Amino acid sequence: MLLVLSEEHREHLQILTRVGGAVVGEFGRIAVEFLRKGSNPKVYEGAARKLEVSSTTIQQAVEGLTYLLTESSKLMISEVDFQDSVLVLGFQEEINKVLLQLYLDNRKEICQILTELEPSLSHYHNMEWRLDVQLASRSLRHQIKPTITMKLHLKQNEQLSTQVLQTDPATLLHLIQELEQALAEMKTNHCRRIVRNIK
């Protein structure tokens, strides 16, 4: 699977065509550091002074390189596919080798960083439910009004929380149909391919 970069990302990476392999390696180190700790404007300014370009150009190059590494790691691109993806950018052979080595050395760490950045969402732990039926009231003698009350117990980072939901049977049936449809769609080849690429 080849990684296709947009025209904007290609423009951001064009500065790498004017520098040597050692500088590209330093850009790679800065890109991995960017993933670990976030943006550091002082590093961009220092590199901009050495290369006599603007700090914005350096920042865009680092962000473009970060995008290249993260997308390649997310898709688990093979060595050959990575080389083919980078070959399209028009770099010298030395820079292509440095980028490949950078990718191979940091692929596992980048995947680990990306999994740590995923949001921690609540997930199902338990559910209690009750069906209430109002048969009559003072104003209406023959009224049947069913209500379903559900108490969801959710778990997030080993902490339990509860949510109380109340609905009528028609809405609950519609909700069940939508969830079943979503589960059926998850079994299609298209969704399986997307899920595989996300992991």
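What you see is a predicted model; the values in this text were computed from it and never measured. When a residue number appears, it is its place in the shown sequence, counting from 1. These numbers come from the heavy atoms of this one structure, side chains and all, not from hydrogens, waters or symmetry mates.
- Among Q156, K155, Q159, the one residue that satisfies the side-chain hydrogen bond (donor to acceptor under 3.5 Å, both in side chains) test with S122 is Q156.
- Looking at heavy atoms from C-beta onward, M150 lies in side-chain contact with T167 at the 4.5 angstrom threshold.
- Considering every non-hydrogen atom in both L131 and P146, the closest pair reads CD1-CB, 4.4 Å.
- In this structure a side-chain-to-backbone donor-acceptor pair under 3.5 Å is missing from S72 to L69.
- Looking at every heavy atom in both residues, L16 comes nearest to I95 through O-CD1, 2.9 Å.
- For H174, the NE2 atom is loosely surrounded, since the number of other residues' heavy atoms within 6.0 Å does not exceed 12.
- Neither V80 nor V86 shares a network with the other; the hydrophobic side chains, linked directly or stepwise wherever heavy atoms of I, L, V, M, F, W or Y lie under 4.5 Å apart, form separate groups for each.
- No hydrogens or angles considered: nothing links the side chains of H190 and E185 as a donor-acceptor pair under 3.5 Å.
- The shortest non-hydrogen separation linking A31 to V62 is CA-CG1, 3.9 Å.
- More than 12 non-hydrogen atoms from other residues, nucleotides or ligands lie less than 6.0 angstrom from CG of L179.
- Not one N or O on the side chain of Y103 forms a donor-acceptor pair closer than 3.5 Å with the backbone of F82.
- Shown here are the side chain to side chain contact (heavy atoms under 4.5 Å, CB included) partners of E11, two or more places apart in sequence or in another chain: E7.
- Side-chain contact annotation: E63 with Q59, donor-acceptor N/O pair under 3.5 Å present.
- Under the ring-ring contact (aromatic ring centres under 6.0 Å, His included) criterion, Y44 pairs with no residue, sequence neighbours left out.
- What you find for S137 and Q143 is that their closest heavy atoms are OG-OE1, 3.5 Å.
- Of the candidates M127, H123, Q163, Q163 is the only one forming a side-chain contact (heavy atoms from CB on, under 4.5 Å) with L154.
- Every residue meeting the salt bridge (Lys or Arg N to Asp or Glu O under 4.0 Å) condition with R130, not counting sequence neighbours, appears here in chain and number order: D132.
- A salt bridge links E33 to R36: at least one charged side-chain nitrogen sits closer than 4.0 Å to a carboxylate oxygen.
- The minimum heavy-atom distance linking R29 with L102 is given by the pair N-CD1, 4.4 Å.
- Ion pairing between a basic and an acidic side chain is recognised when a charged N comes within 4.0 Å of a carboxylate O; E71 and K74 show such pairing.
- Pairing each heavy atom of L13 with each of A61, the nearest pair is CD2-O, 3.8 Å.
- No side-chain heavy atom of Q101 sits under 4.5 Å from any side-chain heavy atom of K97.
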